[in-house]
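Below is one structure, written out as structure tokens; the observations come after it.
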Amino acid sequence: MTTTIRTRVPAGASPAAAAPSASGPHARRAARRRQLTAAGVLMTPFFVLLVTVFLIPVGTAVYLSFFSDDQPGLGFGPERTVFVGLRSYAAVLTDPTFLGGLGTVALYCLIYIPLMVVGALALALLLDSGVVRLRAFAQLGLFLPHAVPGIIAALIWLYLYTPGISPVIELFAQADVTIDFLGVHTVVPSIVNIALWSNLGYNMVVFYAALQAVPREVIEASVVDGAGPVRTALQVKTPLVRASIVMVSIFTLIWALQLFTEPMLLSQSSPMISSRFSPSMYIYDAAFTRNNYGLAAAASVVLLVCTIALSYGVTRFTSRADVSREAR
């Protein structure tokens, strides 16, 4: 005899109420596995690129920094690679030319980063305020220099900085003004000018895109409260794009510490720019002029550590400032 057990569903209840629950532990674990699988598939290209273009080169540089090529027998014996430990790091950190390059880059950052961030933000605020007419053409005109490769930009400004062929220097001479753009006191500002010309429009676009995401209701409320255009820009819009300001500051700092293209090309026309003018030029000179790959690798690791430390410092400083602001 077969016994049939019937489940009575209360009147008015949905038939799905009699079905087993689809949100049990097994279903949740299956959903979790699907999410992790999807996340892993999406993150795989990132990790492949991270390992390929960052971790492997950094590991190779660290490995090479502990070795050096040595020739026994007063330099007449066969060359061999020997383990030297921290000797290359000691040589880099006690080399006055490398320390001088760090000082030059520090001065460059002190001039370049504030001008870049403030200038790009000011241009973005002007475009967002509607003061500038033909906004699309203004954005294109400001962004176009960034489309010019860095080497071409440096060559253009090298032409403008070189006495005898520069129309700018000739124009100053007609006004009885003598100026040497590549002199001992003007070479760093001249390099800053090239970098600003190349990158100001790009960062302006970043800030302008962030300003477009600011709620229009907030701006209208500030206008109703009697805030003028300048006060609205400085006290309403600027705080709302603080994350973009921090991002641009960090990226600008990282790029500035890698200063290479502009001084390398300008060094052909100025004795003020030596082959070790910046840390990146020091690394290039050690590797391809002196063939000392261990020294070049050690200098690269030192520069990487300085970059990471400064970037972390900027991030921590801004995070603490945000916490303090929220506490108030």
Side-chain angles (χ1 to χ4, degrees), residues 39 42-43 46-47 49-59 61-62 65 86 89-90 92-93 98-125 188 191-192 195-196 198-200 202-215 218 233-260 278-280 282-283 297-328:
L42 294 174
M43 293 296 292
F46 166 76
F47 284 111
L49 288 175
L50 177 67
V51 172
T52 304
V53 305
F54 181 74
L55 295 181
I56 291 179
V58 169
V62 173
S65 66
L86 299 176
Y89 290 98
V92 168
L93 296 176
F98 181 79
L99 298 178
L102 287 178
T104 301
V105 168
L107 176 62
Y108 172 79
C109 291
L110 289 175
I111 300 174
Y112 172 59
I113 296 176
L115 289 177
M116 171 61 70
V117 175
V118 174
L121 181 60
L123 290 174
L125 289 170
V188 173
I191 296 174
V192 169
L196 285 173
S198 299
N199 301 314
L200 191 65
Y202 173 82
N203 291 315
M204 178 272 299
V205 171
V206 174
F207 286 139
Y208 182 74
L211 289 170
Q212 293 301 296
V214 173
V218 177
L234 297 180
Q235 298 185 4
V236 178
K237 294 181 179 180
T238 301
L240 293 176
V241 296
R242 180 180 177 83
S244 296
I245 296 175
V246 173
M247 181 193 70
V248 169
S249 300
I250 293 176
F251 285 169
T252 304
L253 172 64
I254 294 173
W255 293 333
L257 292 174
Q258 301 173 13
L259 179 66
F260 179 80
S278 68
S280 295
Y282 180 95
I283 295 168
S300 301
V301 174
V302 171
L303 181 60
L304 174 64
V305 171
C306 292
T307 303
I308 294 175
L310 290 174
S311 301
Y312 177 77
V314 172
T315 304
R316 291 287 297 175
F317 175 77
T318 54
S319 299
R320 289 182 179 179
D322 290 340
V323 171
S324 305
R325 186 177 295 102
E326 292 176 357
R328 286 180 293 181

To the nearest 0.5 Å, how far apart are CG in L196 and CG in N199?
8.0 Å
F260 CZ: over 12 foreign heavy atoms closer than 6.0 Å
yes
Quick one: does S65's side chain have a donor or acceptor within less than 3.5 Å of a partner on A297's backbone?
no
To check you understand the geometry: which heavy-atom pair defines the closest contact between M204 and L123, and what is its length?
CG-CB, 3.7 Å
Sub-4.5 Å side-chain heavy-atom contact between V117 and Y112:
no
Test item: I254 and Q258 side chains (from C-beta on) under 4.5 Å apart, heavy atoms
yes
If you compare all heavy atoms of V248 against all heavy atoms of T252, which two are closest, and at what distance to 0.1 Å?
O-OG1, 2.6 Å
Any side-chain heavy-atom pair from V205 and Y208 closer than 4.5 angstrom?
no
Between M116 and N203, what is the shortest heavy-atom contact and its length?
SD-ND2, 3.0 Å
Just verifying a value: how many Å separate L240 CG and Q235 CD, rounded to the nearest 0.5 Å?
12.0 Å
Over all atoms of both residues, closest heavy-atom pair of S278 and L259
OG-O, 2.7 Å
Is the shortest heavy-atom distance from the side chain of L125 to the side chain of T238 under 4.5 Å?
yes
Can V301 and Y89 be said to form a side chain to side chain contact (heavy atoms under 4.5 Å, CB included), step by step?
CA-CA 9 Å; V301 174; Y89 290 98; 3.6 Å; yes
According to ring-ring contact (aromatic ring centres under 6.0 Å, His included), who are the partners of Y312, at least two apart in sequence or on a separate chain?
none
Can you name the residues that form a ring-ring contact (aromatic ring centres under 6.0 Å, His included) with F207, not counting sequence neighbours?
none
Correct closest heavy-atom pair for T315 and I250 would be OG1-CD1, 3.5 Å
Measure the CZ-OG distance between F317 and S249 for me, rounded to the nearest 0.5 Å.
11.0 Å
Could you list the donor-acceptor pairs under 3.5 angstrom formed between side-chain atoms of residues 99-110 and any protein atom two or more places apart in sequence or on another chain?
| residue | atom | partner | partner atom | Å |
| --- | --- | --- | --- | --- |
| T104 | OG1 | G100 | O | 3.0 |

I'd like to check L303 versus S280 (side-chain heavy atoms, cut-off strictly below 4.5 Å). Are they in contact?
yes
